[in-house]
Asker: 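Can you keep this structure in mind? I'll have questions shortly.
Both counts, for ligands and for their atoms, begin at 1 and track the order of listing. Heavy atoms only: backbone and side chains are in, while hydrogens, waters and symmetry mates are out.
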Amino acid sequence: MNKYIWLIIVGVVIIGGGIIYSVFLRPQASDPVTTGEVREVTVIARKDRWAFEPEEIEARRGDKIVMTVINEDDYDHGIAIDAFGVSQRMAANSTIKIEFVVTQEGDFPFYCSVPCGEGEVDGKKRDHFDMVGKIHVRSMVSETQ
Ligand SMILES: [Cu+2]
């Protein structure tokens, strides 16, 4: 048989396999999801506190988060959320806006990504590594709030 016929047969098998996989076999959890809901949150790094406020954010899988991040310090901070590909530097005394869709359910940390020093807050030592918070993403099918 002509080698081009074989190439076509192989091509059809590969493409057909891909279609069968995506229609019948692919786990639903890997579907891109969106609830169409937009959640506006504001996260503040208050002056000389080495903390984000709030430290916990609630969301539902598929929500779009529009996050306003305010840096009240006279030095730079950053905000990073590895799970959703967020990493932004914040200049001193600046406000940034970031947007992302929470595509997975679970608890995901957000943290300061720019070394920002240390200090004493209410008699306790705090530093860059204390600037950690958490996004709690509930399941899509959980009751709406
Ligand atoms: Cu920092």
Side-chain angles (χ1 to χ4, degrees), residues 6-145:
W6 278 111
L7 276 177
I8 289 167
I9 291 171
V10 168
V12 166
V13 167
I14 290 171
I15 292 167
I19 291 169
I20 287 168
Y21 173 77
S22 71
V23 172
F24 298 109
L25 302 174
R26 187 164 55 107
Q28 280 197 329
S30 63
D31 283 346
V33 290
T34 174
T35 55
E37 202 165 311
V38 175
R39 235 171 247 271
E40 302 235 10
V41 291
T42 300
V43 174
I44 306 172
R46 296 237 184 259
K47 196 169 170 56
D48 292 325
R49 304 293 295 185
W50 287 277
F52 285 119
E53 185 189 307
E55 287 189 326
E56 285 201 29
I57 295 166
E58 294 284 326
R60 203 155 48 110
R61 181 170 171 238
D63 287 352
K64 179 183 189 174
I65 310 289
V66 176
M67 190 187 270
T68 302
V69 195
I70 302 171
N71 178 8
E72 294 187 344
D73 274 314
D74 296 329
Y75 38 85
D76 291 8
H77 285 296
I79 185 154
I81 312 162
D82 294 341
F84 305 119
V86 172
S87 182
Q88 285 268 313
R89 193 180 181 98
M90 291 187 286
N93 301 296
S94 71
T95 298
I96 62 168
K97 209 164 215 187
I98 50 181
E99 295 186 7
F100 54 95
V101 176
V102 286
T103 48
Q104 307 169 60
E105 68 181 82
D107 288 335
F108 305 99
F110 62 90
Y111 60 92
C112 177
S113 54
V114 173
C116 52
E118 57 181 22
E120 213 171 89
V121 180
D122 304 329
K124 282 192 193 124
K125 207 185 139 223
R126 286 189 70 89
D127 64 23
H128 167 66
F129 297 100
D130 294 312
M131 295 187 69
V132 179
K134 171 176 96 174
I135 302 180
H136 177 66
V137 184
R138 297 190 312 283
S139 131
M140 250 186 132
V141 289
S142 64
E143 66 296 343
T144 49
Q145 58 162 38

Asker: Inspect the contact between D73 and R49 and indicate whether a charged nitrogen and a carboxylate oxygen are less than 4.0 angstrom apart.
Answerer: no
Asker: Where the Cu ion (ligand 1) is the centre, what is the SG-to-O angle for C112 and V114, rounded to 10°?
Answerer: 90°
Asker: Just say parallel, tilted or perpendicular for the rings of F110 and F52, cut-offs at 30° and 60°.
Answerer: tilted
Asker: With carbon and hydrogen excluded and only N/O/S kept, which atom of H128 is nearest the Cu ion (ligand 1)?
Answerer: ND1
Asker: So, R61 side chain and R138 main chain: donor-acceptor pair closer than 3.5 Å or not?
Answerer: no
Asker: Quick check: does C116 have an N/O/S atom under 2.8 Å of the Cu ion (ligand 1)?
Answerer: yes
Asker: Testing the basics here: between N71 and A91, what is the closest heavy-atom pair and its distance to 0.1 Å?
Answerer: ND2-O, 3.1 Å
